[in-house]
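My questions all concern the structure below.
All residue numbers in this chain count up from 1 along the given sequence.
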Amino acid sequence: MNYFFEPAALPAVPVVGSSLSFPVHRIYCVGRNYADHAVEMGGTGREAPFFFTKPADALLVVPQGQTGELTYPPRTSNLHYEVELVVAIGRGGRNIPVKDAYRHIFGYAVGLDMTRRDLQTAAKKEGKPWDVAKGFDQSAPIAPLRQISQTGQMLAGKISLQVNGETRQSGDIGSMIWAVAEIIAELSTLYELQPGDLIYTGTPAGVGAVERGEVMSAQIDKLGELKVKVI
């Protein structure tokens, strides 16, 4: 097929221990999936799962052992970090039963859901969509994926984030309101999941602002570290 101009490169994430990369189809995100974070954001602590999306090219891929650089986005003065477990889908489907959900997982990674919180707050007050608050350029930093054959099912494990060495978020992925299998099952009733989909699964309490020059360091047990400097 011929085009008027060269198409953009397909977003892809490196895979630890492989020369092959994971091509990204869509990015889904789960809102308020830890009770403590739901409360700090004004929720009740346990709610039915809800989802939003980011463009696939919102990824900021940070190679293993390196520090990525995130350009402070325009039109905000309140840029927030949210450390999250990212699930990579390797097998698609609709209406996936919870008991079968893990058969659809390719692997996992450490990710950050960056948010223009002031724009999100304004949108909420006016009943408008969150797209400009969540889906901007580089709003989805991610570390290399690790295959499920290496990690096993991620049912529990410490998740944390530091800014300039100071701990801001600390929790356990076992405390998610909706576990990974439940998220996949529910999401597959709304969309036909495809190989290449990424799911950002929510963040624990402690979200806050980050400024230019600060370095975020996010970790999840078995998945290593994601480091990003805001410039």
Side-chain angles (χ1 to χ4, degrees), residues 8-30 33 54-70 81-93 100-114 137-163 165 167 169-176 179-181 183-184 187 193-204 215-230:
L10 179 68
V13 182
V15 177
V16 175
S18 176
S19 61
L20 303 177
S21 294
F22 180 88
V24 177
H25 177 245
R26 289 179 178 171
I27 301 175
Y28 300 100
C29 303
V30 185
N33 197 32
K54 292 176 182 270
D57 63 1
L59 285 173
L60 172 60
V61 177
V62 181
Q64 192 172 19
Q66 297 186 25
T67 300
E69 292 189 341
L70 187 155
Y81 52 78
E82 300 183 17
V83 59
E84 309 208 359
L85 171 69
V86 182
V87 178
I89 299 297
R91 176 185 173 193
D100 295 334
Y102 283 103
R103 297 170 56 196
H104 295 258
I105 296 174
F106 174 86
Y108 303 93
V110 184
L112 292 171
D113 168 17
M114 302 303 296
D137 297 339
Q138 299 184 316
S139 62
I142 190 169
L145 286 161
R146 294 179 187 267
Q147 296 183 65
I148 193 170
S149 59
Q150 299 171 323
T151 65
Q153 296 183 16
M154 298 287 292
L155 302 176
K158 185 177 180 180
I159 179 171
S160 61
L161 179 137
Q162 298 82 39
V163 177
T167 298
Q169 292 185 272
S170 182
D172 194 292
I173 59 174
S175 298
M176 288 194 294
V180 169
I183 292 167
I184 292 171
L187 191 57
L193 296 181
Q194 299 288 340
D197 287 341
L198 295 177
I199 305 173
Y200 281 61
T201 59
T203 194
V215 177
M216 300 171 287
S217 177
Q219 305 88 24
I220 299 176
D221 284 353
K222 299 183 181 180
L223 300 181
E225 183 179 42
L226 168 63
K227 291 185 73 174
V228 178
K229 181 177 182 179
V230 182

* CD on Gln150 to CD1 on Ile148, rounded to 0.5 Å -> 11.0 Å
* Looking at Tyr200 versus Tyr28, is the centre-to-centre ring distance below 6.0 Å? -> no
* Please name the pair of heavy atoms, one in Arg91 and one in Ile89, separated by the smallest distance, quoted to 0.1 Å. => O-CG2, 3.3 Å
* Considering non-hydrogen atoms only, spot the tightest contact between Pro14 and Val61 and give its length. => CD-CG1, 3.3 Å
* How many angstroms lie between CD in Glu225 and CG in Leu161, if you round to the nearest 0.5 Å? -> 10.0 Å
* Could you tell me whether the side chain of Lys54 reaches within less than 4.5 Å of the side chain of Cys29, counting heavy atoms only? => yes
* Asked: What heavy-atom pair brings Pro204 and Gln169 nearest, and what distance separates the two atoms?
  -> O-NE2, 2.7 Å
* Drop me the distance from Gln147's CD to Phe22's CZ, to the nearest 0.5 angstrom. => 10.0 Å
* State, yes or no, whether a side-chain contact exists between Asp197 and Val87 at a heavy-atom distance under 4.5 Å. => no
* Among Met114, Lys229, Lys227, find the residue that satisfies the side chain to side chain contact (heavy atoms under 4.5 Å, CB included) test when tested with Met216. => Met114
* State the CG-CG distance between Asp57 and Asp137, to the nearest 0.5 angstrom. => 7.0 Å
* Structure fact -> Closest non-hydrogen contact found for Val110 with Leu226 is O-CD2, 3.7 Å
* Please check if any side-chain donor atom of Gln219 sits under 3.5 Å from a side-chain acceptor atom of Ser217, or the reverse. => yes
* Nearest heavy atoms of Ala156 and Ile173, plus distance in Å -> C-CG1, 3.5 Å
* Asked: After noting the C-alpha distance and the side-chain angles of Leu59 and Ile27, does the key distance pass the side chain to side chain contact (heavy atoms under 4.5 Å, CB included) rule?
  -> CA-CA 9 Å; Leu59 285 173; Ile27 301 175; 3.8 Å; yes
* **Worked check of side chain to side chain contact (heavy atoms under 4.5 Å, CB included) between Val24 and Leu10** => CA-CA 7 Å; Val24 177; Leu10 179 68; over 6 Å; no
* So which heavy atom on His25 is nearest to which on Ala56, and how close? -> O-CB, 3.8 Å
* **side chain to side chain contact (heavy atoms under 4.5 Å, CB included) between Arg146 and Tyr108, worked out** => CA-CA 5 Å; Arg146 294 179 187 267; Tyr108 303 93; 5.8 Å; no
* Asked: Is there side-chain contact between Ile199 and Val30, with at least one heavy-atom pair below 4.5 Å?
  -> yes
* Is it true that the side chains of Glu84 and Thr203 contain a donor and an acceptor less than 3.5 Å apart? -> no
* Side chain proximity check, Val180 to Ile105, heavy atoms < 4.5 angstrom -> yes
* To do: Output the distance between atom CG (Leu187) and atom CZ (Arg26), rounded to the nearest 0.5 Å.
  => 9.5 Å
* Show your working on side chain to side chain contact (heavy atoms under 4.5 Å, CB included) between Val16 and Leu145 and close with a plain yes or no. => CA-CA 6 Å; Val16 175; Leu145 286 161; over 6 Å; no
* So, do Leu223 and Leu85 sit near enough that their side-chain heavy atoms are less than 4.5 Å apart? -> yes
* Is any side-chain heavy atom of Val163 less than 4.5 Å from a side-chain heavy atom of Val215? -> no
* Any side-chain heavy-atom pair from Thr201 and Ile183 closer than 4.5 angstrom? -> yes
* To do: Check whether any side-chain heavy atom of Asp172 sits under 4.5 Å from a side-chain heavy atom of Ile159, and report yes or no.
  => no
